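If you're wondering where the values come from, they're calculated on a predicted model, not measured in any experiment.
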Amino acid sequence: MGPLQIVLGTISVIFLIVSVVFAYRAVRAMVRIIRTGQPDSTRTRPVGPRVKTLVVESLGHTRMLKWSSIGIAHWFVFLGFYGLFLTLVEAFGEVWNPAFHLPLIGEWGLWNLFVDVIGTGTVLGILYLIVRRQLDHPRRQGRQSRFAGSNEGRGYFVEAIVLIVGVCILSIRAAKISAGLVDAPTWSHPVSSALSTLFPANPDLVSVIAFVKIVASLVWLVVVSRLLNMGVAWHRFSAFFNIYFKREPDGATALGPLQPMTSGGKPIDFEDPDEDAVFGRGKIEDFTWKGMLDFTTCTECGRCQSQCPAWNTGKPLSPKMVIMDLRDHLYAKAPYLLGEKTASETAPDYDVLKPSDEQVWASGYARIEGTNDAQAHRPLVGTLEEGGVIDPDVLWSCTNCGACVEQCPVDIEHVDHIDDMRRYQVLIESNFPSEAGVMLRNLENRGNPWGVSPSTRDQWMEELDFEVRQADGPLPHEVEYLFWVGCAGAIDDRAKKVTKAVAELLHTAGVEFAVLGSGETCSGDPARRMGNEFVFQMLAQENVATLDGVFEGRVPGMRKIVTTCPHCFNSLGREYPQVGGEYEVVHHTQLLNQLVADGRLTPVTPVDRKVTYHDPCFLGRHNKVYTPPREILESVQGLSTQEMHRCKDRGFCCGAGGARMWMEEKIGKRINMERTEEALDLDPDVISTACPFCITMLSDALTTKKQNGEAGEHVEVLDVSQILLRSLAPVGTPGTEHGADVGTKDDDVAGTGSAATEHGAQ
């Protein structure tokens, strides 16, 4: 041990002590802040499935590998950070004694091979990620960059530290080999051996490189300890907890049903709410501790942003920046939440703030800097003049499509947080887009968003050539399914064609079914996604009473419902259990696909059309029904199918979800136009889907395209069921062969009277 080793070793030990103190204080502060959130007792059990999910998602990198090359690179960096921690321990010994090895495993061949391989993978992995960050940088791609709005400096810092540490790991071993200080077999350090030719045989060099490694690691620790909102670094620790405490213990994403409104960790009883009940999230402290953990864990990677239909069409909503703004506000307000500071009685004047245009859309937090009374008083949702953390235009741009939740590698629950903020705005502030108020009043007064008479729900049946059974009391034993038609399916002219097509197919297959007719009301999905939980509860309880009466005497497994609307499918099957309604709900594409597989429906007539299928968000991402619609299309002879580049779990929204169907789209490009253009790029004859809202949105956009001469008159938007019904028509029926006559009829269920031409004809 020479003077160099004594100096470097002493500095390392002192720096370690300082770093550990900083880290301890940071973790303690972070835990205290997160614990100020509202309780949530649903996040800890069952332990077994949660531990399994944690292991699979972290070690298997299942979420990251949705982006394969980036996922592989990140896996090596991840494994290097944790798997090579002992090399940091070893470095403290090497600073004092260049020949130091870890006890027991220091000269073990397999351990040395592991360090060599993973160390190399870490260096190559971080180099790849550095290159990708630069290729995807906002300076190149502008708003389309997934890093737009991220803290680039913090990202650079983390990448630099990882690269330095990775290089040091390999360099220490190479220097030790060059100096003859390694007894491990040559096969166990192939990369280090190759690098050793670049190093002189000087033991002091080992101590110097080890010191650099220690300093780099501890600098990183001190920096992140001083920045509790540095998600790009803290996610290395908090992600494990966030994955374990995710909403679904089995590993499923936080999609499908919205969670009941809670206050103090307990569901709110809307018939007799507590006087101090908190409705939704109106302040940062109203979020649960899991929500605060979500905010802390955001890595700023921008995968959610890159898939968001609102962001991709020029709207101010970025799921990433919503979480970042909530996180930054949480930690800025923390001294007030912890009682370390007391806010003044009056709020400051926020209209003096003059942020840049970039700050307006990129970061609500940038409007107010630091920890001060302005942070303590600012509203959670508000305009620039009001000092809001989240701008109203951001909040109301969300379609609830779930692309953000599906793509997030650390299981952040964006949709739940956005809808919880909506709940407060609707129920407490009565502050929401005015046009949506008409929809809510119609739901309350007429039981449907359009506000038409309930008797309208019976009219579609009059156009069929067979009688549709209507439920009047408990269903007869021979009736297998209740056909839940839904508001759109009974009222909207385009959706009524789908309803009639499904009814004809069920009748053809010999499936006994019944409908509620005028006794059916809205499932409540638009109200709930809008944020009006009160109206949802009212409609849901009314419907549960009706359905329980219809299914009276039936045991579980015999309470079957089929519906054409994915939103009703999601509400009835996955949200109604929250209010006591337990039913077996299937989407019409699932049932029809089974009937085709069982031979009860046999497509015999070739349909010579080129089709592309659009995944409805609430059928696909929210409920993972991707295969049945596609299998139905594959069963139809003559069809040529082609996928859009954004499909299945990366499918692009039509723009109608999250109650956006009932709100004007005033900012940016219309989402339905973007999606229709993607479909038209494939030059299809038919754009197919399986949702009445999607049919409306895509049809409207297609009509505009036709009027502008940007789409052929022969192009159609059809439900999968309409195509299947067309394939059951007699050979030669219009719509099944080349050059069919052009025509339209209101009662044309299968669309056989619509324009039908040979592929690609204009």
Would you name the heavy atoms of [X] and [Y] that are closest together and state the gap between them?
{"X": "S318", "Y": "W311", "answer": "CB-CE3, 3.6 Å"}
{"X": "L181", "Y": "P203", "answer": "CD1-CB, 4.3 Å"}
{"X": "L84", "Y": "V115", "answer": "CD2-CA, 3.8 Å"}

Apply salt bridge (Lys or Arg N to Asp or Glu O under 4.0 Å) to residues R281 and D286 and explain how you reach the verdict. CA-CA 5 Å; R281 317 298 182 206; D286 292 339; over 6 Å; no
If you round to the nearest 0.5 Å, how far is [atom2] of [Y] from [atom1] of [X]?
{"X": "W289", "Y": "T296", "atom1": "CH2", "atom2": "OG1", "answer": "12.0 Å"}
{"X": "L163", "Y": "L124", "atom1": "CG", "atom2": "CG", "answer": "10.0 Å"}
{"X": "S207", "Y": "W96", "atom1": "OG", "atom2": "CH2", "answer": "10.5 Å"}
{"X": "Q307", "Y": "R646", "atom1": "CD", "atom2": "CZ", "answer": "7.5 Å"}
{"X": "C301", "Y": "M64", "atom1": "SG", "atom2": "CE", "answer": "7.0 Å"}
{"X": "M30", "Y": "R25", "atom1": "CE", "atom2": "CZ", "answer": "14.0 Å"}

Quick check: are there more than 12 heavy atoms from other residues, nucleotides or ligands sitting under 6.0 Å from [atom1] of [X]?
{"X": "F85", "atom1": "CZ", "result": "no"}
{"X": "F114", "atom1": "CZ", "result": "yes"}
{"X": "Y24", "atom1": "OH", "result": "no"}

Distance flag, aromatic centroids of H417 and F287, threshold under 6.0 Å: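 Centroid separation for F287 and H417: below 6.0 Å.
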Measure centre to centre between the rings of W220 and F81, then say whether the value is under 6.0 Å.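 Yes: the rings meet the under 6.0 Å criterion.
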Is the backbone N or O of [Y] less than 3.5 Å from a side-chain atom of [X], with the two atoms forming a donor-acceptor pair by type?
{"X": "R50", "Y": "Y244", "answer": "yes"}
{"X": "W234", "Y": "L227", "answer": "yes"}
{"X": "H414", "Y": "I412", "answer": "yes"}
{"X": "Q407", "Y": "C304", "answer": "no"}
{"X": "S188", "Y": "P185", "answer": "yes"}
{"X": "S150", "Y": "E152", "answer": "no"}
{"X": "N312", "Y": "S306", "answer": "yes"}
{"X": "D116", "Y": "S192", "answer": "yes"}

Under 3.5 Å, is there a donor-acceptor pair linking the side chains of [X] and [Y]?
{"X": "R140", "Y": "Q134", "result": "no"}
{"X": "T297", "Y": "S238", "result": "yes"}
{"X": "D373", "Y": "S344", "result": "yes"}
{"X": "S69", "Y": "Y128", "result": "yes"}

Ionic contact status for [Y] with [X], cut-off 4.0 Å:
{"X": "K246", "Y": "D411", "answer": "yes"}
{"X": "D393", "Y": "K315", "answer": "no"}
{"X": "E300", "Y": "R327", "answer": "yes"}
{"X": "K290", "Y": "D294", "answer": "yes"}
{"X": "E57", "Y": "K52", "answer": "no"}
{"X": "E94", "Y": "K213", "answer": "no"}

Are any non-hydrogen side-chain atoms of C168 and I164 less than 4.5 angstrom apart?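 Result yes, sub-4.5 Å side-chain heavy-atom pair found.
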Review item, side-chain donor-acceptor pairs of residues 33-40, under 3.5 Å, at least two apart:
| residue | atom | partner | partner atom | Å |
| --- | --- | --- | --- | --- |
| T36 | OG1 | I33 | O | 2.5 |
| Q38 | NE2 | E285 | O | 3.3 |
| D40 | OD1 | T42 | N | 3.1 |
| D40 | OD1 | T42 | OG1 | 2.6 |
| D40 | OD2 | R43 | NE | 3.0 |

Sole residue of I214, I169, I172, D204 in side chain to side chain contact (heavy atoms under 4.5 Å, CB included) with I209: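 Testing I209 for a side chain to side chain contact (heavy atoms under 4.5 Å, CB included) against I214, I169, I172, D204 leaves exactly one candidate, I172.
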Side chain to side chain contact (heavy atoms under 4.5 Å, CB included), paired with R303, selected from P319, C404, C308, P409: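 Only one option passes, and that is P409.
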Answer yes or no for R226 and F22: cation-pi contact, defined as NZ/CZ to six-membered ring centre under 6.0 Å and angle to ring axis within 45°.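 Negative - R226 is either too far from the ring of F22 or too far off its axis.
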Ring pair (Phe, Tyr, Trp, His ring centres under 6.0 Å) partners of F78, counting only residues at least two apart: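 F78 satisfies ring pair (Phe, Tyr, Trp, His ring centres under 6.0 Å) with H61, Y82 only.
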Give the intermediate values and the outcome of side-chain contact (heavy atoms from CB on, under 4.5 Å) for residues Q259 and D419. CA-CA 10 Å; Q259 296 302 282; D419 283 355; over 6 Å; no
